[in-house]
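To start, the structure itself, in C-alpha cells.
Chain letters run A, B, ... following the sequence lines, proteins first, then strands; residues in each count from 1.
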Number of protein chains: 2
Amino acid sequence: MPRKSAKKSRKELILDAAEELFAEHGFDGVKLRTISGAAGVDVALVNYHFGPKRDLFDAVLNRRAEVLNQVRSDALDVCIADAPNGAPSVEEIIHAYLAPMGIVQGSADEGWRHYFALVAYVNNSPEFGRDVMSQYFNPIVTRFIDALRNALPQADDEALYWGYHYLSGALTLTMADTGRLDTLSNGLAKSSDVEKGYAHMIPFIAAGFRAICAR
Amino acid sequence: MPRKSAKKSRKELILDAAEELFAEHGFDGVKLRTISGAAGVDVALVNYHFGPKRDLFDAVLNRRAEVLNQVRSDALDVCIADAPNGAPSVEEIIHAYLAPMGIVQGSADEGWRHYFALVAYVNNSPEFGRDVMSQYFNPIVTRFIDALRNALPQADDEALYWGYHYLSGALTLTMADTGRLDTLSNGLAKSSDVEKGYAHMIPFIAAGFRAICAR
DNA sequence: GTCTATACGGCGATAGAC
DNA sequence: GTCTATCGCCGTATAGAC
C-alpha cells in the first residue's frame, strides 16, 4: 500500500484521467479511449478494473467523497467546540462548510480541483443531481442545516432548505470555474481566484440566510 | 408565417424536442436520432434544416434568447422609471432580473421550462459556460450590474461581480430543477415550486449584495 | 492477479442520390 | 424535402501473455 508519494498505480492513473475528463465534458462527452489514452494504458484495462463506464464514473466520485465529508465534518466539530455554548454563528458554519475548498489551495494536487468541478457538474445535472448528490452528501448537509437551524432560532424550515439550495448553487458555479466571470468583468474578477471567491461568499450567504430566516 | 397557435412547423418541432433533450442530457448525451424520433420526423431533416449537431444546439439557444433579454430589459426599464430619482433598490433590481421566470408560470408552454434548464446546463458547463453565456447574455447582465452599482454606491466593483456570480449560480441551480431539494428536505421544499424558489431568492440575494458591498 | 491484442455488433453523424 | 448508404468509432467481451 503506497503510503506517501509512491508511484501511482495504473488504476489510480485511470481514475485521475477520468476525473479530469468527466469534469470537463460530462459523462457522455468522454470516450473510454480518451481516458485510457490520457492515462497511458490500454482501453481494456479500464473495463478490467472498473467494469462498465458508469461504474467508473461512480468510482471517481467515490474516491474523494469520504475525505471531503470527513474534512467538513471535522471543521464543523471544531467550530461547534470553539463556540460559546456550542452555538457558532452563521458565518462560522458557512466557513466550515467551505473548509474543504482550502484543500485546493496549498495542494499541488490538481485532482481536487477537477473533483470539485465534477461535483459541480453532477449537482446541476438533471440526470445525476438528485440521486448521486443525495447518495454521497445528504448526511453531511443535514448536519450543516441542523447547525444553521440552531444559529437561526426563528428560522422557518422551508426557508432554511431554500437557503441551502442557493448556497449550493453559488458554490458549485464557483467550483465549476468556467471562466465566465473573467470575461464578464473584463478580468477584474477571476473565477480561478478561489480565495476571493470563498472570502466574499461567507458574508454574502450568511446575510442571505439571516434575511430569509428572520421573523 | 404562423401568427398565433397555428400548427407548428416541423422545424419548430425539431427545436422543441432538441430543447428538452439537450436540457436533460447535455449536448453529448443526446443522439440526433432521439431528437428526430421525439419530433416525429426523419433524421435527415434535422441536418437539412440546421446542419451539424452543434449548429442545432446554437439554434435552440438562440430561439428564446432574444425574448428573454427583451423581457429582462423591459422589466429593468420599468423598475427604473418607477423608482424615485430613477434609482431602484437592490430588491427591485433582483426582482426585475428574475422577471422572465414568471413566464414559466402562467404559461402552458413547457418549452420555457426546458429552455431555462438548458441555460442552467450551459452556465455550469466548462465547455460552453464562458463563450456561450457571454455571447447571449453579457449585454443584459452588464445593464443589471450597472443598476446594482448605482443602488450600492459604496460597492467595490470586484465584489459586485462576485455577487452577480453567486446570484447566477443560485438561479441556475434553481432553474435546473434537479429534484435534489425535495429529497434533501424530505419533500418540505420542492424544487419545482418556482414561485417559492424565486420569492425567497430576492431577499436572500439582496441581503448578500448589501453585505459585501457595504464599506 | 494484471494487463494486452484483437474483435465485434451496433449505432453515431453526415452527405449524396433522388 | 426525403431515403438510403457510408464510414468510423463506440463500449464491451474474450483469449491468452506476463
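Salt-bridge annotation for R130(B) and D177(A): absent, with no side-chain N of the basic residue lying under 4.0 Å from a carboxylate O of the acidic one. Electrostatic pairing of R143(B) and D146(B) does not count as a salt bridge here, judged by no charged N lying under 4.0 Å from a carboxylate O. With salt bridges taken as basic N to acidic carboxylate O contacts below 4.0 Å, one links R64(A) and E19(A).
Comparing dT14(C), dT12(D), dT2(C) by their closest approach to the side chain of K53(A) singles out dT12(D).
For Y48(A), a side-chain nitrogen or oxygen approaches OP1 or OP2 of dT2(C) to under 4.0 Å. Considering only side-chain N and O atoms, R10(A) lies under 4.0 angstrom from the phosphate OP1 or OP2 of dC3(C). A close approach under 4.0 Å does not occur between any side-chain nitrogen or oxygen of N47(A) and OP1 or OP2 of dG11(D).
A centroid separation of less than 6.0 Å is found between the aromatic rings of F204(B) and F209(A). The ring of F27(A) has its center no closer than 6.0 angstrom to the ring center of Y121(A).
Atom pair K8(A):NZ and dT2(C):P shows a separation of 19 Å (rounding to whole Å applied). Rounded to an integer number of Å, the gap from CG of L45(B) to P of dT4(D) is 15 Å. Taking atom CG on D55(A) and atom P on dA13(D), their separation rounds to 11 Å, with Å as the unit. Rounded to an integer number of Å, the gap from CZ of F50(A) to P of dG1(C) is 17 Å. Separating the CG atom of D42(A) from the C1' atom of dA13(D) is a distance of 13 Å, rounded to the nearest angstrom. Rounded to whole angstrom, the span from the CZ atom of R54(B) across to the C1' atom of dG12(C) amounts to 18 Å.
The environment of E110(A) atom CD is dense: over 12 non-hydrogen atoms of other residues, nucleotides or ligands sit within 6.0 angstrom.
Of all the residues in residues 26-37 of chain A, R33(A) reach under 4.0 Å from DNA chain C with at least one non-hydrogen atom.
Residues P52(B) and H49(A) each lie close to DNA chain C; by heavy-atom proximity, the contact nearer the 5' end of the strand is made by H49(A).
Taking the ring centre of F22(B) as origin, the terminal cationic atom of K53(B) falls outside the region bounded by 6.0 Å and 45° from the ring axis.
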